[in-house]
Amino acid sequence: MRASQLLISTLKETPADAEIISHQLMLRAGMIRRLASGLYTWLPFGLRTLRKVERIVREEMDRAGAQEVLMPAVQPGELWQESGRWEQYGPELLRVHDRHNREFCIGPTHEEVITDLIRKEINSYKQLPSNFYQIQTKFRDEIRPRFGVMRSREFIMKDAYSFHVDQTSLAETYQAMYDAYSRIFTRLGLDFRAVMADNGSIGGEGSHEFHVLAASGEDAIVFSTGSDYAANIEKAEAVPHGMDRAAPQEAMHLVDTPDAKTIAALVDQHGLAIEKTIKTLIVEGAEGGLVALLVRGDHELNEIKAENLPEVKAPLTMASDEDVRQAVGAGFGSLGPVGLDMPIIADRSVLLMSDFGAGANIDGKHYFGINWERDLPLAKEADLRNVIEGDPSPDGLGTLSIARGIEVGHIFQLGTKYSNAMNATVLDENGKAVPLMMGCYGIGVTRVVAAAIEQNHDERGIIWPEALAPYSVALVPMNAHKSELVRETAEHLYSQLQAAGIDVLLDDRDIRPGVKFADLELMGIPHRIVIGERGLNNGELEYKGRKDDEATLVPQATIIDFLAERMGR
RNA sequence: CGGAAUAUAGCUCAGCUUGGUAGAGCGCUGCCUUCGGGAGGCAGAGGUCGCAGGUUCGAAUCCUGCUAUUCCGACCA
């Protein structure tokens with residue numbers, strides 16, 4: 001490509017509405033432009049990277065035995081009625097009517113469509129297992145689109161759905177997809193981790209997320225220092241440090257705490273160690289009524305874990321001030337488990353506490369010196385909290401540390417959730433109709449591009465990994481208008497590189513070199529060759545990698561080999 | 001949807017407190033000069049100051065309502 005023929009829309013200044021670096025650089029490098037909230041146009045330059053991601057994803061999916069299909073973005077509402085998600089999905093599902101006033105939605109995902117297809121097309125266990133994927137536009141009417149294409153409403157996803165007669169077969173394909181995803185993110189040159197995840201609203205059993213590690217990531221992911229245990233913090237099991245509860249030392253006593261409405265205030269004003277306090281959180285119960293959840297003062301409630309408890313209403317809903325006051329007779333700052341008349345569920349570490357402090361269920365008063373079994377019956381035990389740095393690893397090997405990640409892929413074992421709801425069966429070896437087992441596997445293709453930039457940039461701009469670079473090599477002729485030699489050499493090299501199958505950008509723009517250098521660095525082109533009369537007189541070209549501090553002089557005759565080596569080809 | 005902020009040229013912003021009819025830098029067009037790291041000069045184009053009302057002789061500026069965008073929370077690839 002000749003730069004003079006390419007829409008290069010670089011910006012010197014950072015647009016004011018871009019918060020994170022990838023969003024800023026995608027705008028500045030002229031990859032995307034915003035149309036409306038959460039809706040972006042991909043400009044020619046940005047689209048090239050998007051296509052490179054798609055190509056790698058496609059190659060690896062094909063290699064893993066999946067078949068590509070393409071399903072419509074618009075889906076009939078009746079399929080969603082059938083699966084039950086028309087009601088469940090909520091306002092994130094964009095619903096539309098056609099001219100006959102029939103209901104449709106713009107697909108946020110395609111379980112319904114693929115299940116409908118497969119129940120019609122596949123009738124026998126002999127046709128299984130099979131796995132279908134597409135790379136297609138999704139729409140989710142996010143409450144808060146943000147960070148450019150990182151969380152947009154319209155985005156491109158690779159989604160795959162596998163079908164099986166039994167769990168064993170599902171587990172095999174799941175593993176194959178796990179491996180394919182690992183290859184994909186490795187080929188993309190990303191620093192990523194696969195972590196155990198909660199299944200969320202999609203339901204089913206096993207699930208892993210693939211995260212690109214980045215400080216701006218929206219998820220907290222947890223690793224063991226002593227094993228390969230890794231999980232989303234939503235899922236990571238919190239294991240108490242010890243097994244035994246210390247014997248009571250103090251008598252329980254009532255303390256006036258008129259100004260201590262928070263744990264921090266209680267600790268400050270009354271000299272209680274934060275590990276000796278508990279938070280009492282009142283939430284709505286599954287069967288109506290209220291449920292109390294206890295975590296240690298220095299721990300955080302894990303809402304996913306709480307919501308998965310049978311006693312607790314999903315989605316997790318904190319009780320209102322009025323409801324609490326009516327049920328307990330005290331307000332939020334003074335709640336505690338002693339004498340509390342509702343189901344009480346305590347985090348494991350809470351049950352190991354002794355001589356602790358908690359609200360007395362009387363406004364402005366706390367009990368100190370509380371002890372289980374002596375002052376109140378032992379509460380029901382559950383894992384309720386987020387793990388923290390230094391907790392023991394659940395597999396018993398090492399301790400946990402926490403990092404930030406951007407979720408770029410997610411694989412699920414769905415089981416028979418959709419096939420049951422939509423009556424998708426096949427005949428097994430005994431001629432008996434059995435519901436199809438399903439797995440589903442997603443990659444946020446547009447998000448991968450943003451995540452790659454989060455991980456690969458410097459103060460000058462993007463630094464594309466080789467596999468994602470829109471162009472691998474940029475040629476910059478110096479003073480081309482003055483030098484026939486420079487022009488000819490540049491043209492010749494341009495043809496040579498094209499013939500070698502290298503994506504090359506010839507910067508033939510009629511602008512000053514400094515502007516070209518700045519643009520090419522902003523745009524992240526990995527390899528740059530400057531063609532100047534000075535060097536040519538010595539038979540040399542000047543090479544500079546995007547990450548290099550200094551340029552290298554390379555004999556003209558060896559430039560193709562030199563580049564090939566630098567590109568790792 | 002709850003909380004906060006912002007809205008003036010393609011981009012980044014000033015002007016608003018104290019009302020008098022539109023500004024800068026970058027970008028864009030033409031010409032000249034320059035040409036190894038976002039050059040310089042000259043001449044230009046470009047804005048019903050987010051929208052709708054109100055106050056006033058007069059509103060970008062004051063008031064009211066709306067809309068959009070961004071940030072913080074809950075959802076997700």
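Each chain gets a letter, A, B and so on, in the order its sequence line appears, and its residues count up from 1.
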Between the protein and nucleotides 69-71 of chain B, which nitrogen or oxygen pairs are less than 3.5 angstrom apart?
residue: B/U69; atom: OP1; partner: A/S37; partner atom: N; Å: 3.1

Review item, nucleotides 4-9 of chain B N/O atoms under 3.5 Å of protein N/O:
none

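Distances were taken from every side-chain heavy atom of A/F155 (C-beta onward) to each of B/G36, B/A77, B/G38; the shortest belongs to B/A77. Across B/G37, B/A77, B/G38, the shortest atom-to-atom separation from the side chain of A/T10 is found for B/G38. Residue A/P15 places its side chain closer to B/U12 than to any other of B/A77, B/U12, B/C35. Nearest nucleotide to the A/E92 side chain, out of B/G36, B/A77, B/C75: B/C75. Nearest nucleotide to the A/R447 side chain, out of B/C76, B/G27, B/G36: B/C76. With distances taken from any side-chain atom of A/K482 to the nucleotides B/C35, B/A77, B/C76, the minimum falls on B/C35.
Classification of the A/H410-A/F412 ring pair by plane angle, with boundaries at 30° and 60°, yields parallel. Taking the six-membered ring where the residue is Trp, A/Y543 and A/F562 present perpendicular rings, their angle passing 60° and hence far from 30°.
Checked against side-chain contact (heavy atoms from CB on, under 4.5 Å), A/T186 has the following partners two or more places apart in sequence or in another chain: A/F192. Residues satisfying the side-chain contact (heavy atoms from CB on, under 4.5 Å) test with A/A469, not counting sequence neighbours, are A/W464, A/P526. In this structure, A/R55 has no side-chain hydrogen bond (donor to acceptor under 3.5 Å, both in side chains) partners at least two apart in sequence or on a different chain. Among residues two or more places apart in sequence or in another chain, the ring pair (Phe, Tyr, Trp, His ring centres under 6.0 Å) test is passed with A/F104 by none. Scanning for side-chain contact (heavy atoms from CB on, under 4.5 Å) contacts around A/E488 gives A/E484, with sequence neighbours left out.
Among pairs with a residue in residues 517-536 of chain A, those fulfilling salt bridge (charged side-chain N to carboxylate O under 4.0 Å, His left out) read A/R460-A/E521, A/R509-A/D519, A/E521-A/R528, A/E521-A/K544, at least two apart in sequence or across chains. Sorted by first and then second residue, the salt bridge (charged side-chain N to carboxylate O under 4.0 Å, His left out) pairs with a member in residues 146-160 of chain A read A/K138-A/D159, A/D141-A/R153, A/E142-A/R151, A/R146-A/E218, A/R151-A/E218; sequence neighbours excluded. Listed by first then second residue, pairs satisfying salt bridge (charged side-chain N to carboxylate O under 4.0 Å, His left out) with a partner in residues 10-33 of chain A number zero, not counting sequence neighbours.
Using a 4.0 Å cut-off between charged side-chain N and carboxylate O, A/K547 and A/D458 make no salt bridge.
No hydrogens or angles were tested; on distance alone, a donor-acceptor pair under 3.5 Å links the side chain of A/R528 to the base of B/G37. Residue side chain A/H481 reaches the base of B/C35 through a donor-acceptor N/O pair under 3.5 Å, judged by distance alone.
If you check residues 504-520 of chain A against RNA chain B, the residues with a heavy atom closer than 4.0 Å are A/R512, A/P513, A/G514, A/V515, A/F517, A/A518, A/D519, listed by number.
Distance CD1 (A/I143) to P (B/C1): 10 Å, rounded to an integer number of Å. Atoms CE (A/M478) and C1' (B/A39) sit 14 Å apart, rounded to a whole Å. A/Y543 has its OH atom 18 Å from the C1' atom of B/G36, to the nearest Å.
If you check every strand for non-hydrogen atoms under 4.0 Å, A/V448 touches nothing.
Only the P atoms considered, B/U8 is 24 Å distant from B/G54, to the nearest whole Å.
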Would you give me the side-chain donor-acceptor pairs under 3.5 Å for residues 61-73 of chain A, sequence neighbours excluded?
residue: A/D62; atom: OD1; partner: A/Y133; partner atom: OH; Å: 2.7
residue: A/R63; atom: NE; partner: A/E60; partner atom: OE1; Å: 3.2
residue: A/R63; atom: NH2; partner: A/E60; partner atom: OE1; Å: 3.2
residue: A/R63; atom: NH2; partner: A/E60; partner atom: OE2; Å: 3.3
residue: A/E68; atom: OE1; partner: A/R58; partner atom: NE; Å: 2.9
residue: A/E68; atom: OE1; partner: A/Y133; partner atom: OH; Å: 3.3
residue: A/E68; atom: OE2; partner: A/R58; partner atom: NE; Å: 3.3
residue: A/E68; atom: OE2; partner: A/R58; partner atom: NH2; Å: 3.0

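Nearest-nucleotide mapping onto RNA chain B: of A/E521 and A/E218, the residue sitting toward the 5' end is A/E521.
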